[in-house]
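So you know, we letter chains A, B, ... as the sequences are listed, proteins then strands, and number each from 1. Note that the coordinates shown come from a computational prediction; the quantities given were computed from them, not determined experimentally.
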Amino acid sequence: MTVTSEAVVEAETADSADQLEADHLGPRAYWLIALFLAVVTAVEIAITYIPGFDGVPLVASLIILGVVKFLTVVAFFMHLKYEPFTMNFMFYFGLLGAIALFVAVLLSFQALFETF
Amino acid sequence: MAAGVAHTTSGGLDLRKTAMWAFLASELMFFGALISTFLLYRGRTNGGPDAKELFDIPFTSVSSFVLLMSSLTMVLAHNAWEKHDQRQMRLWLMSTAGLGLVFLGGQFFEFSTFVHEGLKLDTSPFASSFYMLTGFHGAHVAVGVLMLSTMVILSYRVGLDHKRGMNVELVALYWHFVDIVWIVIFTVVYLLQV
């Protein structure tokens with residue numbers, strides 16, 4: 001490879017890295033997201049130890065916090081936020097399918113409302 | 001088709017990435033079925049130990065934290081791969097595999113403890129559904145560790161440049177998927193049952 005072509009490759013690499021930095025997030029943002037996820041997990045665990053905080057409020061809080069973590073990982077670590085509609089559709093269609101399956105199975109055995 | 005040739009759909013989407021998202025969508029339904037089964041049978045202990053007696057939330061929380069952090073190291077490996085930084089990429093890939101092994105070690109310890117306390121695979125429907133769900137998840141983690149190790153070996157032998165396709169990106173998608181499934185399992189199977 002000549003010096004010129006090496007320089008072109010380096011420039012292209014730098015350009016694509018800059019573009020990726022703009023499209024996706026950088027390492028600093030990933031560390032901050034991981035910190036956020038760790039804090040949410042700590043909150044999840046902590047609320048299960050609060051005396052008197054049980055039943056519907058506890059279940060609802062745990063589900064909301066779980067959904068927040070799930071969507072954060074999918075959007076930012078899996079970069080689904082930056083993917084075309086087709087891939088978003090495929091994944092969320094699968095997720096809806098899983099939820100529908102969950103509800104159908106538990107309804108079939110009349111166990112949906114006893115589950116939580 | 002020769003290796004390194006772009007595989008795209010007529011709409012310009014990368015075929016392998018599209019296939020991976022479709023695979024992950026089907027996996028969501030697979031785990032959805034296992035979680036539903038667990039919830040259906042969680043109260044049927046046949047006189048054996050139940051979730052409240054067995055689950056050690058502080059221990060499982062540490063395991064969850066380890067897996068969560070492995071998603072961070074995986075995304076950092078992916079980021080390094082995108083920037084053509086092979087050395088950083090290898091470092092983060094190995095860290096991810098290491099954290100995966102720690103998680104598997106924790107699961108092995110947890111299963112051993114449960115068996116010691118009388119919860120065997122055939123003890124009760126609760127036991128069977130619990131081991132099937134968490135065991136299948138563990139198997140997915142083990143496959144992920146294998147894939148990560150293969151990536152590291154390949155990076156030393158042939159290099160993982162962009163012409164070789166999107167292997168690191170596909171493995172990253174799979175690994176993050178394993179993490180999001182655990183997020184659901186940790187909440188629904190562990191925290192909601194104690």
Side-chain angles (χ1 to χ4, degrees), chain A residues 13-14 16-17 20-21 24-27 30-31 33-35 37-38 41-42 44-45 47-49 58-59 62-63 65-67 69-71 73-74 76-80 83-84 86-106 109 111-112 114-116, chain B residues 9 11-14 17-18 20-33 35-37 39-43 57-58 60-61 64-65 68-69 71-76 78-80 82-85 88 162 169 172-173 175-177 179-181 183-184 186-188 190-192 194:
Chain A
T13 304
S16 63
L20 284 165
E21 197 74 25
H24 294 179
L25 300 169
Y30 290 133
W31 279 98
I33 291 168
L35 181 68
L37 291 169
T41 306
E44 272 185 318
I45 297 157
I47 62 172
T48 60
Y49 288 100
L58 176 66
V59 171
L62 287 175
I63 290 174
L65 292 170
V67 168
K69 280 165 66 183
F70 183 98
L71 293 178
V73 173
V74 170
F76 298 107
F77 283 180
M78 295 174 89
H79 303 129
L80 190 57
E83 298 292 356
T86 313
M87 293 183 193
N88 275 271
F89 175 79
M90 248 188 293
F91 184 75
Y92 287 113
F93 187 75
L95 183 60
L96 277 178
I99 294 168
L101 183 75
F102 174 82
V103 172
V105 168
L106 295 178
F109 291 91
L112 183 62
E114 296 161 19
T115 297
F116 302 112
Chain B
T9 63
L13 296 175
D14 188 287
K17 204 164 159 185
T18 310
M20 180 51 100
W21 279 109
F23 168 69
L24 296 183
S26 74
E27 286 274 271
L28 274 176
M29 286 188 260
F30 173 74
F31 277 104
I35 291 169
S36 307
T37 309
L39 290 175
L40 207 56
Y41 291 130
R42 75 201 164 107
I57 295 300
T60 316
S61 303
S64 298
F65 182 74
L68 209 56
M69 288 306 106
S71 253
L72 170 66
T73 54
M74 186 71 245
V75 81
L76 292 173
H78 182 210
N79 190 259
E82 285 181 329
K83 290 177 178 170
H84 305 268
D85 187 344
Q88 282 280 316
H162 285 237
E169 188 165 11
L173 283 177
W175 192 263
H176 294 310
F177 173 79
D179 183 33
I180 58 171
V181 169
I183 287 173
V184 178
F186 180 60
T187 304
V188 176
Y190 287 87
L191 293 179
L192 284 174
V194 293

* **Contacting region of B:L76 [heavy-atom separation from chain A under 4.5 Å]** => side chain
* Asked: Hey, which of A:N88, A:L95, A:L80 is the one that makes side-chain contact (heavy atoms from CB on, under 4.5 Å) with A:V74?
  -> A:L80
* **Heavy-atom proximity to chain A below 4.5 Å, by part of B:A172** => neither
* Structure fact -> Between A:V73 and B:S71 the two heavy atoms that sit nearest each other are CG1-OG, 4.4 Å
* Interface moiety of B:S26 toward chain A, non-hydrogen atoms closer than 4.5 Å -> neither
* **Atom group of A:F93 that falls short of 4.5 Å from chain B, counting heavy atoms** => neither
* Asked: Do B:N79 and B:K83 touch side chain to side chain, with heavy atoms closer than 4.5 Å?
  -> yes
* Asked: B:M69 versus chain A, heavy atoms under 4.5 Å apart: side chain, backbone, both or neither?
  -> side chain
* Structure fact -> Among B:F65, B:F31, B:F186, the residue with the most heavy-atom pairs under 4.5 Å to chain A is B:F186
* Look at the rings of A:F77 and B:H176 and say which category their plane angle falls in: under 30° parallel, 30 to 60° tilted, over 60° perpendicular. => tilted
* Neighbour count above 12 (heavy atom, 6.0 Å) for B:Y41 OH -> no
* Asked: By a 4.5 Å heavy-atom criterion (distance strictly below it), what part of A:Y49 contacts chain B: side chain, backbone, both, or neither?
  -> side chain
* Asked: Nearest heavy-atom pair of A:L62 and A:E44: which atoms, and what distance?
  -> CD2-O, 3.6 Å
